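Take a look at the structure below.
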Amino acid sequence: MNSWQTFLVMDVFRQYGLSPTEQEIFLAKFPDENTVNNNNQVADQSLENKQLPDTAETVRRQMWTIYNRRFSPQQDREGFLEFNHKSSRSKDIKFLAWLKNKYSQWLETQNYKIVDSVSTYTENPFTPLNDIITDQHLLYGRERDITRIFETLNSGSSVALIGEKKIGKSSLLQAIYQQAQHRLLKPRKAIYLNLSLIFNDDDFYDELCEKVQMPVERGRQLIRNLQQQQLLLLLDEVEQMTWKGFTRDLRQQLRGLADGQANPPLRLVITASEHLDVLFPDSRDNPSPFQGVCIEEIIQPWNENIVRGFIHSRLMNTPASFSEEEIIQLIKESCGHPQRLMYSCHQIYSQYIQRMKTEL
């Protein structure tokens, strides 16, 4: 890395908490201290860097988030005072001037050198190993999936995220939950239910009504109450509804509330490990309850470019680097499965830090 990139990575990205995707956009937008690329130029670079958005409009939205959520002034840190300036091009130029001033001050204090102690990097960057990713800064490689999901929702359809277990569906669902307020064209209140913690119809109705903040009801009264709502209902692990405690009536009720109207009270995003036409064997005499209501979005494993980008993004602020042989082995062993990759990278990084400590 040159001194400008080092300044951004070691000082700016850390201080202002940019996510890996935001960091890539930032580096493409401001490649050096004298250049500001426009949104089209950033999007054009997506052909070589798959972490970048492929449309100028997506770049614009991401830059809005970067300015308004990362660089707006806060009580505990300095911010860019003109973060909400209307003209994007003018704002970019003024922002680069603001950055250059910080860069000059940084060069003086660093004397062009970065010295890091091993103790600074004892925290392994390859986490979480098993948990759902709820911190959107840590979600990687799924921006295009998220964009397609919101495009489907905004077109008037519900969505089913289909993929093998531990491929990242639940983390994607969390991203939808957190971003719905800003990315839905027609406002809906997002409600997230983890069905692995709900065991029967009664539990479902209790949890749903509590989240919606309305009295617990059943049957026609529940339908009347829900018809006054505009909800985005996110159901994680919907295959749990095949359990004995759940009935076909509940699933058909959800289908009715999400289908057959121009603007139904429910819009659904569900996750499942099987396709909708085979998910509920007790519905074989009728359409599977979510089939025809939800458009399937197949969540694929990462390709080689995304795997390499993920490793690079996690190692960016550390003294470690994986060899080409290690990266090739990681690609082969993980088959692009995010959780397998995370676990293997975690092991290699731990071994690297242990070697560094031993050598000191």
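Computed from a predicted model, the values in this text were never measured in an experiment. Just so you know, residue 1 is the first one in the sequence shown, and it goes up from there.
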Result of checking Asn37, Asp92, Asn38 against Lys29 for side-chain hydrogen bond (donor to acceptor under 3.5 Å, both in side chains): Asp92
So, do Phe310 and Leu330 sit near enough that their side-chain heavy atoms are less than 4.5 Å apart? no
Honestly curious: do Leu173 and Leu195 fall in one hydrophobic cluster under the side-chain, below-4.5 Å linking rule? no
Donor-acceptor side-chain pairing of Thr21 and Gln23 below 3.5 angstrom: no
Which value, rounded to the nearest 0.5 Å, describes the distance between Ser155 atom OG and Ile295 atom CD1? 5.5 Å
Donor-acceptor side-chain pairing of Ser196 and Asn194 below 3.5 angstrom: yes
Between Ser334 and Tyr343, do the side chains contain a donor N or O and an acceptor N or O under 3.5 Å apart? no
Testing the 3.5 Å rule here: is there a donor-acceptor pair between the side chains of Thr65 and Glu22? no
Tell me yes or no: between the side chains of Ser104 and Asn101, is some donor less than 3.5 Å from an acceptor? no
Under a 4.5 Å cut-off applied to non-hydrogen side-chain atoms, are Ile25 and Met63 in contact? yes
Do side-chain atoms of Arg188 reach the backbone of Pro265 as a donor and acceptor pair under 3.5 angstrom? yes
Should the ring pair Trp302 and Tyr140 be called parallel, tilted or perpendicular, given that the plane angle runs from 0 to 90° and is split at 30 and 60? perpendicular
Could you go through the side-chain contact (heavy atoms from CB on, under 4.5 Å) check for Ser46 and Lys50 one step at a time? CA-CA 5 Å; Ser46 66; Lys50 299 303 182 183; over 6 Å; no
List the atom of Pro264, the atom of Ala258, and the distance in Å for their closest heavy-atom pair. CG-O, 3.8 Å
Does the side chain of Gln229 pick up a donor-acceptor pair with the side chain of Asn225 at under 3.5 Å? no
From Phe71, Trp98, Tyr16, residue fulfilling ring pair (Phe, Tyr, Trp, His ring centres under 6.0 Å) relative to Phe80: Trp98
Does the side chain of Phe322 come within less than 4.5 Å of Ile311's, by heavy atoms? yes
Under 3.5 Å side-chain donor-acceptor pair for Gln351 and Gln347: no
Just by distance, with hydrogens left out, do Arg314 and Asn124 show a side-chain donor and acceptor under 3.5 Å apart? no
Side chains of Leu184 and Gln230: closer than 4.5 Å at any heavy-atom pair? no
When you check the side-chain N and O atoms of Thr58 and Thr55, is any donor under 3.5 Å from an acceptor? yes
Donor-acceptor pair between Arg267 and Ser157 side chains, under 3.5 angstrom: no
Atom pair CD1 (Ile191) and SG (Cys209), whose distance is rounded to the nearest 0.5 Å: 10.5 Å
Gln179 and Arg183: side chain donor to acceptor below 3.5 Å: yes
Ring pair (Phe, Tyr, Trp, His ring centres under 6.0 Å) contacts in which one or both residues fall within residues 155-208, not counting sequence neighbours: Phe199-Trp243
In one Ile/Leu/Val/Met/Phe/Trp/Tyr side-chain cluster, 4.5 Å: Ile198, Leu268: yes
Take a 6.0 Å sphere around CD of Gln15 and say whether it holds more than 12 heavy atoms from other residues, nucleotides or ligands. yes
For the residue pair Gln174 and Ser170, confirm or rule out a side-chain donor-acceptor distance under 3.5 Å. no
Aromatic ring pairing Trp106/Phe7, orientation class (parallel under 30°, perpendicular over 60°, tilted between): tilted
Verify whether one side chain among Gln45 and Glu48 offers a donor that lies under 3.5 Å from an acceptor in the other. no
Would you say Lys100 and Asn34 are linked by a side-chain donor-acceptor pair, where the criterion is simply a distance under 3.5 Å? yes
Residues passing the side chain to side chain contact (heavy atoms under 4.5 Å, CB included) test with Gln339, sequence neighbours excluded, are Asn130, Lys166, His337
Point-to-point distance, once rounded to the nearest 0.5 Å, from CG of Leu153 to CG of Leu185: 10.0 Å
Take Glu78 and Lys102, measure what salt bridge (Lys or Arg N to Asp or Glu O under 4.0 Å) needs, and give me the verdict at the end. CA-CA 11 Å; Glu78 177 191 6; Lys102 294 174 70 69; 3.5 Å; yes
Keeping Asn154 on the side-chain end and Phe150 on the backbone end, is there a donor-acceptor pair under 3.5 Å? yes
